[in-house]
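Here you go, one structure.
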Amino acid sequence: QVQLVESGGGLVQAGGSLRLSCVASGHSLSKYAMAWFRQAPGKEREFVAVISWNGGVTEYSDSVKGRFSISRDNVKNAEYLQMNSLKPEDTAVYYCAAVFRPNNWSHSGEYEYWGQGTQVTVSS
């Protein structure tokens with residue numbers, strides 16, 4: 001059974017930075033695309049960023065492009081999200097997810113494995 005565990009969330013002032021981590025156990029995800037989604041209160045879960053299995057391709061939502069950076073370490077079975085220039089509207093629970101050969105990697109329904117989420121709160 002695959003488990004994804006996120007960490008690194010917290011409270012930060014606007015303009016600050018956080019680095020989220022997601023470590024997988026139970027199965028190697030080295031051949032899986034891995035992504036980050038987020039969900040703010042009262043809103044639907046939304047795509048943030050994705051990285052291909054070998055790290056060769058990354059995609060970002062327009063709202064985070066240029067501020068966030070996704071990376072992975074297949075030896076550690078982990079992915080990361082470096083978040084810079086944080087804004088209050090980035091406040092949400094952030095989830096990591098993994099999928100094998102997605103057709104549409106911005107669509108949450110395609111993802112097979114999910115973490116429990118980590119809260120990110122950005123104060124103004």
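FYI, side chains are in, hydrogens and waters are out, and symmetry mates aren't considered; it's all heavy atoms of this structure. Numbers here are sequence positions counted from 1.
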**salt bridge (charged side-chain N to carboxylate O under 4.0 Å, His left out) contacts touching residues 93-106 (sequence neighbours left out)** = none
**Heavy-atom check, side chain of Ile51 versus side chain of Val57, under 4.5 Å** = no
**Item:** Partner residues of Asn104 under the side-chain hydrogen bond (donor to acceptor under 3.5 Å, both in side chains) criterion, sequence neighbours left out
**Value:** Ser106
**Minimal non-hydrogen separation, Val23 against Ala78, with atom names** =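 For Val23 versus Ala78, the nearest heavy atoms are CG2-CB, 4.2 Å.
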**Request:** Could you state whether Trp36 and Val120 fall into the same hydrophobic cluster, counting links through intermediate Ile, Leu, Val, Met, Phe, Trp or Tyr residues with side-chain heavy atoms under 4.5 angstrom apart?
**Result:** yes
**Request:** Sequence neighbours left out, what pairs pass disulfide bond (SG atoms under 2.5 Å apart) with at least one residue falling in residues 32-73?
**Result:** none
**Fill in**
side-chain hydrogen bond (donor to acceptor under 3.5 Å, both in side chains) filter on Lys65, not counting sequence neighbours, yields Asp62
**Message:** Please enumerate all residues that pass side chain to side chain contact (heavy atoms under 4.5 Å, CB included) together with Ser71, with sequence neighbours excluded.
**Reply:** Tyr80
**Message:** Using every non-hydrogen atom in the two residues, find where Leu4 and Cys22 come nearest and quote the distance to one decimal.
**Reply:**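 Answer, listing the atom of Leu4 first, then Cys22: CB-SG, 3.9 Å.
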**Message:** Run the side-chain contact (heavy atoms from CB on, under 4.5 Å) test on Tyr32 and His27 for me, step by step, so that the C-alpha distance in whole Å, both residues' side-chain angles and the decisive distance to 0.1 Å come before the verdict.
**Reply:** CA-CA 11 Å; Tyr32 285 64; His27 182 67; 4.1 Å; yes
**Prompt:** side-chain hydrogen bond (donor to acceptor under 3.5 Å, both in side chains) with Glu112: which residues, sequence neighbours excluded?
**Reply:** none
**Minimum heavy-atom distance between Gly8 and Leu18, given as atom pair plus value** =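 Minimum heavy-atom contact is O-CD2, 3.8 Å.
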**Message:** Do Gln3 and Trp114 have side chains that approach each other closer than 4.5 Å (heavy atoms only, starting at C-beta)?
**Reply:** no
**Prompt:** Looking at residues at least two apart in the chain, or sitting in another chain, which of them share a ring-ring contact (aromatic ring centres under 6.0 Å, His included) with Phe47?
**Reply:**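 For Phe47 the ring-ring contact (aromatic ring centres under 6.0 Å, His included) partners, ignoring immediate neighbours, are Phe37.
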**Request:** Would you give the length of the straight line joining atom CE of Met34 to atom CG of Leu29, rounded to the nearest 0.5 angstrom?
**Result:** 5.0 Å
**Request:** Show your working on side-chain contact (heavy atoms from CB on, under 4.5 Å) between Val12 and Thr121 and close with a plain yes or no.
**Result:** CA-CA 6 Å; Val12 65; Thr121 303; over 6 Å; no
**Request:** Using modelled atom types only, decide if a donor and an acceptor are shared between the side chain of Glu6 and the backbone of Gly117 within a distance under 3.5 Å.
**Result:** yes
**Message:** Under 4.5 Å between side-chain heavy atoms, counting indirect links through other Ile/Leu/Val/Met/Phe/Trp/Tyr residues: same cluster for Tyr60 and Met83 or not?
**Reply:** yes
Enumerate, atom names and distances included, each donor-acceptor pair closer than 3.5 Å involving a side-chain atom of residues 84-100, sequence neighbours excluded.
from	atom 1	to	atom 2	distance (Å)
Asn84	OD1	Ser17	OG	2.9
Asn84	OD1	Gln82	NE2	2.9
Asp90	OD1	Arg38	NH1	2.9
Asp90	OD1	Arg67	NH2	3.0
Asp90	OD2	Arg67	NH1	2.7
Asp90	OD2	Arg67	NH2	3.4
Asp90	OD2	Lys87	N	2.8
Thr91	OG1	Pro88	O	2.9
Thr91	OG1	Val122	N	2.9
Thr91	OG1	Val122	O	3.4
Tyr94	OH	Arg38	NH1	2.9
Tyr94	OH	Asp90	O	2.6

**Message:** Test: salt bridge (charged side-chain N to carboxylate O under 4.0 Å, His left out). Region: residues 69-84. Which pairs qualify, not counting sequence neighbours?
**Reply:** none
**Request:** List for me each residue that meets side chain to side chain contact (heavy atoms under 4.5 Å, CB included) alongside Val5, sequence neighbours excluded, and say none if there are none.
**Result:** Gln116
**Asked** Under the side chain to side chain contact (heavy atoms under 4.5 Å, CB included) test, which residues partner Ser28, sequence neighbours left out?
**Response** Ser30, Asn77
**Request:** With sequence neighbours excluded, give me every salt bridge (charged side-chain N to carboxylate O under 4.0 Å, His left out) pair touching residues 9-32.
**Result:** none
**Request:** Give the C-alpha distance, both sets of side-chain angles, the deciding distance and a yes or no for side-chain contact (heavy atoms from CB on, under 4.5 Å) between Ser61 and Phe68.
**Result:** CA-CA 10 Å; Ser61 68; Phe68 291 11; over 6 Å; no
**Request:** Specify the closest pair of heavy atoms between Leu81 and Ala49, including all atoms of both residues, with the distance to one decimal.
**Result:**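 It is CD1-CB, 4.3 Å.
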